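Presented below is the structure to which this report refers.
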There are 2 protein chains.
Amino acid sequence: MFNCIRGRKSSREKILDAAAELVGSIGAGRLTLEAVAERAGLSKGGLLYNFPSKDALLQGMIQRLVDEVSAEKETLRGHTPPGRNLEARLCTAALLKMHAGKMKDIANGMLAASSENPALLEPVRQVIRKTLTEMRETSDDLDACLLAWLAVEGLNSFEMHDLSPFSEEDRDRIAASVTKLLENGIAE
Amino acid sequence: MFNCIRGRKSSREKILDAAAELVGSIGAGRLTLEAVAERAGLSKGGLLYNFPSKDALLQGMIQRLVDEVSAEKETLRGHTPPGRNLEARLCTAALLKMHAGKMKDIANGMLAASSENPALLEPVRQVIRKTLTEMRETSDDLDACLLAWLAVEGLNSFEMHDLSPFSEEDRDRIAASVTKLLENGIAE
DNA sequence: GTCTATATCAAGATAGAC
DNA sequence: GTCTATCTTGATATAGAC
């Protein structure tokens, strides 16, 4: 904790940042310890001191991703008025934020993990199960919530694989549709 | 073509089947030529005669996936009554069919490709762009169509990564919601 | 805590026999 | 068209110095 003061990042953080950026730029399957070490500004040996194996590194990437999305959701909770389908509104808003900046790169860590070792995705599985449980328990309109959630996940999956055909305006419009669906539901 | 008669599969087909199954069972990042050859019942040399490189194999997997989904959509077109948001109904129905049987494994080929070499996903990008164009031109309710499409893609992405928390009943219910959304739109 | 050097190994690809 | 044998590379991981 002490080495986090005054903007100083621990080696661990620097390594996770470097790995996330690399996955975004060269692709999950090409992520090597050597490339991560170079980008993080240390040697392979130094990296392996912080993360004793590649699996450990991937696990760290996944865990940080999950933690950041959860934190984002809780931050939003403080600024969001209560009302219809609250959990789904928080969840979709947090996921839509992954678009900007580093979050998307980090999300790509998931791909690296799933291609190397599917078992590493367990923390993600847990969050997804928890999300579904919360929605079942608190939603005012479960069908609308599930569609909204899945649509945002679909959009993110496109972006993670660099498959998205959508412009920024398209994206804003889709986000607005998601909001509207959560507020008004599916027409009868 | 001749060696497709009477259920006899060409080596090419057997190899693509084997690769698809393997990606489903051991994960995209662990797909090796040796494993594919063994499962397809020939040697590495024999495999490399059919597909001169691993990239060529991945490309073949992707192309077959894209072709099968397109074919499924056109088959459905013959059995689907015209009406509201036709293209989106065909598209979502075809994508939802990927759930059953081999299609899901084949879809995993996409993951293998994207982790090894993102450029191989170009055929998928094309289909997605074409789908968006068609929806823009023919949809009666573009917002509903996009949400429905993305929701199905989100569901598939969960299943492709083995992240889906949904039971068969959940899945049926979601499929019904998608249909309803396409028929009735978002409530005002 | 980080470095260099090296062991080890797996995987893609080639060559040439059959 | 398929096989075996081999080459070559690149990546993980270890060992031990600093």
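Since this is a predicted model, take the numbers as computed values, not measurements. Residue numbers begin at 1 in each chain, while the letters A, B, ... track the order of the sequences.
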(request) For DNA chain C, find the residues of residues 48-59 of chain B with a heavy-atom distance under 4.0 Å and give them by number; none if there aren't any. (result)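 Only B:L48, B:S53, B:K54 qualify.
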(message) Give the residues of residues 30-41 of chain A touching DNA chain C, defined as any heavy atom closer than 4.0 Å, sorted by residue number.
(response)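 Under 4.0 Å from DNA chain C: no residue of residues 30-41 of chain A.
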(request) Indicate yes or no for a side-chain donor-acceptor contact from A:D67 to the backbone of A:R64 under 3.5 Å, with no hydrogens or angles considered. (result)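 Here the side-chain-to-backbone pair does not exist.
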Donor-acceptor pairs are to be reported for all side-chain atoms of residues 42-50 of chain A against protein atoms at under 3.5 Å, with residues two or more places apart or in another chain.
from: A:S43; atom 1: OG; to: A:G45; atom 2: N; distance (Å): 3.4
from: A:S43; atom 1: OG; to: A:G46; atom 2: N; distance (Å): 3.2
from: A:N50; atom 1: ND2; to: A:G46; atom 2: O; distance (Å): 2.9

Should [X] and [Y] count as an ion pair when the cut-off is N to O under 4.0 Å?
| X | Y | value |
| --- | --- | --- |
| A:E183 | A:K180 | no |
| A:K130 | A:E137 | no |
| A:R129 | A:E122 | yes |

(request) Using the test side chain to side chain donor-acceptor pair (under 3.5 Å), find all partners of A:R30 that sit at least two apart in sequence or belong to another chain. (result)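 A:R30: no side chain to side chain donor-acceptor pair (under 3.5 Å) contacts found.
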Any side-chain heavy atom of [X] within less than 4.5 Å of one from [Y]?
| X | Y | answer |
| --- | --- | --- |
| A:I128 | B:H161 | no |
| A:L111 | A:V23 | no |
| B:L121 | B:M110 | yes |

(request) Please report, rounded to the nearest Å, how far the P atom of D:dT6 is from the NZ atom of B:K44. (result)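 Those two atoms, NZ and P, are 13 Å apart.
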Donor-acceptor pairs under 3.5 angstrom involving side-chain atoms of residues 144-160 of chain A: please list them, not counting sequence neighbours.
from: A:W149; atom 1: NE1; to: A:E153; atom 2: OE2; distance (Å): 3.2
from: A:N156; atom 1: ND2; to: A:L95; atom 2: O; distance (Å): 3.2
from: A:S157; atom 1: OG; to: A:G154; atom 2: O; distance (Å): 3.0
from: A:E159; atom 1: OE1; to: A:H99; atom 2: ND1; distance (Å): 3.1
from: A:E159; atom 1: OE1; to: A:R171; atom 2: NH2; distance (Å): 3.2
from: A:E159; atom 1: OE2; to: A:R171; atom 2: NE; distance (Å): 2.7

(message) Of all nucleotides in DNA chain C that come within under 4.0 Å of a heavy atom of chain B, which is furthest toward the 5' end and which toward the 3' end?
(response)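 Range of nucleotides within reach of chain B: C:dA11 to C:dT14.
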